[in-house]
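None of these values were measured; they are calculated from a predicted model. Any value given below was found using the heavy atoms of this structure, including those in side chains, with hydrogens, waters and symmetry copies removed. Residue numbers run from 1 in the order of the sequence given.
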Amino acid sequence: MAKHIFVTGGVASSLGKGLTAASLGRLLKARGLRVTMCKLDPYINVDPGTMNPFEHGEVFVTDDGGETDLDIGHYERFIDENLNKGSNSTTGSIYSSVIAKERKGDYLGKTVQVIPHVTNEIKERVLKLEADNPDVIITEVGGTVGDIESLPYIEAIRQFRKEVGRNNVCYIHLTLVPHIGPAGEQKTKPTQHSVTELRGRGIQPDIIVCRSDQAISQELKVKISMLCDVPVEGVISAIDAASIYQIPLALHDEGLDAYVCELLGFSDEDFPCDLSGWEGLVNRVLQADRKVRIGLIGKYVNLADAYLSVVESLRHAGFAHKAKVDIEWIQAEEVTQLLGSQLMHDLDGIVVPGGFGERGVEGKIAAVGYAREYAIPCLGLCLGMQTMIIEYARDVLGLEGAHSTELNSDTPHPVIDIMDTQRKVTDKGGTMRLGAYKANLLPGSQVAEAYGTTVVSERHRHRYEVNPAYREPLESHGLVCSGTSPDDLLVEFIELPGHPFWVGTQAHPEFRSRPDRPHPLFDAFIGASLARAEGRAPHLLDPDQIPS
């Protein structure tokens with residue numbers, strides 16, 4: 001039977017529950033324990049797939065096609081495990097399931113209520129994760145204690161301890177300990193009130209993780225311990241870190257994993273902690289002595305979380321090259337005005353990430369064209385690859401008005417189009433190619449060299465594809481379709497011979513990158529960008545190398 005850890009938060013949102021939970025997962029894995037994780041989200045959407053990135057950040061995609069909260073990405077990156085659809089449950093999905101059961105008569109005529117039907121559904125979602133025989137399941141409850149949306153989740157996890165046994169459950173509560181400038185001291189009152197709210201719902205936390213911008217003194221720990229009825233060793237100071245990958249080490253130094261193991265019955269003797277690999281990673285992060293400047297061309301650049309996995313993947317590749325990746329956030333709608341500017345000239349690489357909708361697409365097309373002409377390493381992801389196809393069709397093939405039918409249904413040259421097999425599906429999520437799909441890579445191509453193999457699997461999230469009718473004209477004008485679906489119908493990767501790195505993929509490789517094992521495409525891209533930054537690559541393509 002698995003042990004269960006529940007992570008809740010209070011006082012304010014965005015304190016770092018996800019990173020705290022993920023860091024604990026990493027620490028427990030470092031002790032040799034089998035760990036899996038999940039997130040319970042209070043919003044009523046069935047999943048975040050249709051939510052605006054400005055409100056929710058990126059949509060993370062699992063191998064089995066689950067559209068999940070971005071915290072699932074943190075979990076995967078930290079514990080280095082591929083999670084699935086069951087790792088993220090929302091109020092919308094839970095109520096949908098309860099209502100479907102009621103319609104089928106599963107409740108035998110009972111009056112369907114929050115308790116027990118909704119709370120039972122929540123508990124079932126968590127218990128299903130025991131199917132893979134983990135030693136520990138870490139469950140994060142979204143929102144903050146006291147939110148009306150969170151009440152069924154708090155009640156469900158309260159019942160958990162009674163049903164699976166007191167020694168099989170650990171409650172961790174994350175709170176804010178603010179520093180009040182005029183008073184010149186840290187205040188514990190928000191933590192006290194938050195714990196009181198949690199206790200009012202029937203849960204006594206075993207551990208309180210105190211978020212702050214400076215360390216919590218031993219005196220304050222004793223105070224919190226006394227007023228919140230938690231042992232002093234269960235009061236953990238979690239200060240701001242320069243890199244999120246330092247958090248596991250900081251929490252380990254505070255004794256978090258040791259105390260959790262004590263509570264759950266995992267002895268230090270049987271499960272010693274080996275963090276040597278993670279310490280090596282953090283040392284590479286802190287000792288990076290090279291710099292590379294990457295322009296990220298997007299619609300949602302005012303909210304970095306909208307491109308969280310892309311940013312982390314760039315950083316992972318930087319770690320491997322002992323380089324600090326400085327990201328220049330460039331609004332796609334402003335690119336055409338920036339062409340030829342010092343800002344664009346100084347970029348060592350350009351990334352055009354995925355997205356939906358027409359806004360900013362002409363700027364993305366201009367950006368990949370600029371990168372192609374000026375030999376700037378460029379990586380196009382999903383829509384980013386599609387803009388590379390559009391730009392190439394317009395500028396090299398001379399197909400005026402070439403576009404995607406997603407963005408211009410009247411285009412005379414639909415180089416990007418929706419496949420006939422997808423046209424019949426009307427549900428917003430149903431028309432999408434979601435999850436992991438295999439691709440065959442062209443031997444000797446840049447992407448095959450980067451991956452070190454000719455068969456790969458990557459996660460997808462899109463509706464439109466490269467139109468097969470235009471593949472031969474594109475290839476006859478120099479573009480290489482270096483990766484295709486196993487049936488050779490769909491273009492998965494493209495590249496441009498003679499260019500330092502002008503590579504696009506229909507997939508989202510950023511979802512597979514790990515801090516200590518960067519994704520091969522990002523690794524190759526950062527390598528090419530560093531070559532430009534350090535003067536080891538041309539800053540303008542030889543005219544003889546530019547396909548005509």
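Donor-acceptor pairing under 3.5 Å is recorded for the side chains of Asn88 and Asp41. Side chains of Tyr75 and Glu140: a donor-acceptor N/O pair is present below 3.5 angstrom, by distance only. For Thr505 and Glu458, the side-chain atoms include no donor-acceptor pair closer than 3.5 Å.
For NZ of Lys101, the number of neighbouring non-hydrogen atoms (other residues, nucleotides, ligands) closer than 6.0 Å is greater than 12. Counting heavy atoms of neighbouring residues, nucleotides and ligands inside a 6.0 Å radius, atom CD1 of Ile148 does not exceed 12 of them. More than 12 heavy atoms of other residues, nucleotides or ligands lie within 6.0 Å of CD in Glu333, so this atom counts as buried by the packing criterion. Heavy atoms of other residues, nucleotides or ligands lying less than 6.0 angstrom from CD1 of Ile44 number 12 at most. Heavy atoms from other residues, nucleotides or ligands lying under 6.0 Å from CD of Glu163 number more than 12.
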N/O donor-acceptor pairs under 3.5 Å from side chains in residues 165-172, not counting sequence neighbours:
residue: Asn168; atom: OD1; partner: Lys3; partner atom: NZ; Å: 2.8
residue: Asn168; atom: ND2; partner: Val164; partner atom: O; Å: 2.5
residue: Tyr171; atom: OH; partner: Ile157; partner atom: O; Å: 2.6

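Of all non-hydrogen atoms in Val282 and Tyr245, the two that sit nearest each other are CG2-O, 3.2 Å. Closest of all the heavy-atom pairs between Leu174 and Lys17 is CD2-N, 3.4 Å. Here the shortest heavy-atom pairing between Lys187 and Val177 reads O-CG1, 3.4 Å. Minimum interatomic distance between Gly92 and Ser96 (heavy atoms only, all atoms of both residues): O-OG, 2.8 Å.
A salt bridge links Arg31 with Asp268; the closest basic N to acidic carboxylate O contact falls under 4.0 Å. Residues Asp63 and Arg512 are paired through a salt bridge, judged by an N-O separation under 4.0 Å between the basic side chain and the carboxylate.
For His173 and Phe6, the distance between ring centers is not under 6.0 angstrom. Ring centroid separation for the pair Tyr43 and His56 comes in under the 6.0 Å cut-off. Between Tyr300 and Trp329, the ring center distance fails the sub-6.0 Å criterion. With ring centers used as reference points, Phe522 lies 6.0 Å or more from His316.
With Val136 as the partner, the side-chain contact (heavy atoms from CB on, under 4.5 Å) test is satisfied by one option alone out of Val260, Thr36, Leu28: Leu28.
Side-chain N or O atoms of Asp523 include none that pairs as donor or acceptor with a backbone N or O of His519 at under 3.5 Å. A donor-acceptor pair under 3.5 Å is absent between the side-chain atoms of Thr62 and the main chain of Asn84, judged by distance alone. Listed for the Thr188 side chain is no donor-acceptor partner under 3.5 Å among the backbone atoms of Lys223. A donor-acceptor pair under 3.5 Å is absent between the side-chain atoms of Tyr307 and the main chain of Leu296, judged by distance alone.
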_Ser309 vs His508, side-chain contact (heavy atoms from CB on, under 4.5 Å): CA-CA, chis, key distance, verdict_ = CA-CA 9 Å; Ser309 291; His508 285 276; over 6 Å; no
*side-chain contact (heavy atoms from CB on, under 4.5 Å) assessment of Arg517 paired with Asp80*: CA-CA 9 Å; Arg517 195 175 64 257; Asp80 198 9; 3.0 Å; yes
_salt bridge (Lys or Arg N to Asp or Glu O under 4.0 Å) between Arg293 and Asp348, intermediate numbers included_ = CA-CA 5 Å; Arg293 192 179 189 191; Asp348 302 313; over 6 Å; no
